[in-house]
Protein chains: 2
Amino acid sequence: MPAWNAYASACPTRMVLDRVADKWAVLVLGLLTDGPVRFNQLRRAIDGLSQKMLSQTLKSLERDGLVSRRAVATVPVTVEYSITPLGRTLAATVDALRVWAETHIEEVLTSQERYDAGRRDAVSV
Amino acid sequence: MPAWNAYASACPTRMVLDRVADKWAVLVLGLLTDGPVRFNQLRRAIDGLSQKMLSQTLKSLERDGLVSRRAVATVPVTVEYSITPLGRTLAATVDALRVWAETHIEEVLTSQERYDAGRRDAVSV
DNA sequence: TGCACCAGGTACCTATTCGAAACCACAGTA
DNA sequence: TACTGTGGTTTCGAATAGGTACCTGGTGCA
């Protein structure tokens, strides 16, 4: 355990941020917490998500071991995606972020309004 | 409190993710937890950060009420940036994410290696 | 006089990203 | 025969992010 330094470039923790930064990834991860979902089910569930981005996102998530893919030899070959235990722990952590957002969003919005309304009074030279 | 739905597009919590997605923002926020820092101090502290991105990042952070800006009328006019109480709570939450990354990074890397080494055996048709 | 440093702003240019859409093979249905 | 739905891949083009470089403008220093 080399005690990763987040301030060094090329830090592995940066990768986690990149994954969380991907809005589709967190949405997919969130949907999968309730159980396995098929490809086109996901596509229809998340508005604005193209099949390209979905397959790309799922590939990344699978590569990171956050979701698992299972192809079922049904009539037209359906593919089931489910969240892994590891993915579940990340989803829980991201959820903490969601809680923060819900808790403090009003403060942030208030600050933004004050800022956008020209905070000339805030200039404390 | 409308119980924000993260699955609806244009959700405010999305904004929080976008902010966390900005690697420079989290790094700046992290540096400011130790105390006020000046503009060029930040720039020198974070390798690879251009002044354009720094000023852009600081502006966003200030707009969101996460950091506060204070211009000091010293010899060549220095500007001091410090973290706000609100910013500190976000930094703490993001820190949880960092902890997750440090804890599980090896699992993720292992998974990636297995994936990249051609997981033909994983095809379970 | 010329250079450097402070805190940025601005213009340009490139690389990545991402959506739209076409294409794939297969099988059931009308 | 033609169309639908399954799970994707590929290509194209537009938008955006972000780095480089140059600008202000005041001041101390050589």
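In what follows, chains carry the letters A, B, and so on, assigned in the order in which the sequence lines appear, proteins first and then strands, with residues in each chain numbered from 1.
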Find out whether Glu107(A) and Ile105(A) are in side-chain contact, i.e. whether some heavy atom of one side chain is under 4.5 Å from a heavy atom of the other. no
What bend angle does the helix from dT1(C)-dA30(D) to dA30(C)-dT1(D) show across its length, from five-pair end axes and to the nearest 10 degrees? 30°
Will you find, in the side chains of Ser68(A) and Ser82(A), an N or O donor that is under 3.5 Å from an N or O acceptor? yes
Partner of Val28(A) under side chain to side chain contact (heavy atoms under 4.5 Å, CB included), chosen from Leu58(A), Val37(A), Leu66(A): Leu58(A)
Taking Thr57(A) for its side chain and Trp24(A) for its backbone only, find out whether a donor-acceptor pair lies under 3.5 Å. no
In whole angstrom, give the distance that lies between atom CG of Leu61(A) and atom P of dG8(D). 13 Å
Going by an N to O cut-off under 4.0 Å, is there a salt bridge joining Arg70(A) and Glu80(A)? yes
Sequence neighbours excluded, which residues qualify as salt bridge (Lys or Arg N to Asp or Glu O under 4.0 Å) partners of Asp18(B)? none
Sugar-phosphate atoms are those with a prime plus P, OP1 and OP2; base atoms are the rest. Using that split, label each nucleotide of nucleotides 3-19 of chain C B, S or - for protein heavy atoms under 4.0 Å, 5' to 3'. ---SSSB-B------BB
Check Thr33(B) against Ala91(B) and note the closest heavy-atom contact, atom names and distance. CG2-CB, 4.1 Å
Arg43(A) has an atom CZ; how far is it from atom C1' of dA20(C), in whole Å? 12 Å
Decide, yes or no, whether a salt bridge links Arg19(B) with Asp22(B) under the criterion of side-chain N to carboxylate O below 4.0 Å. no
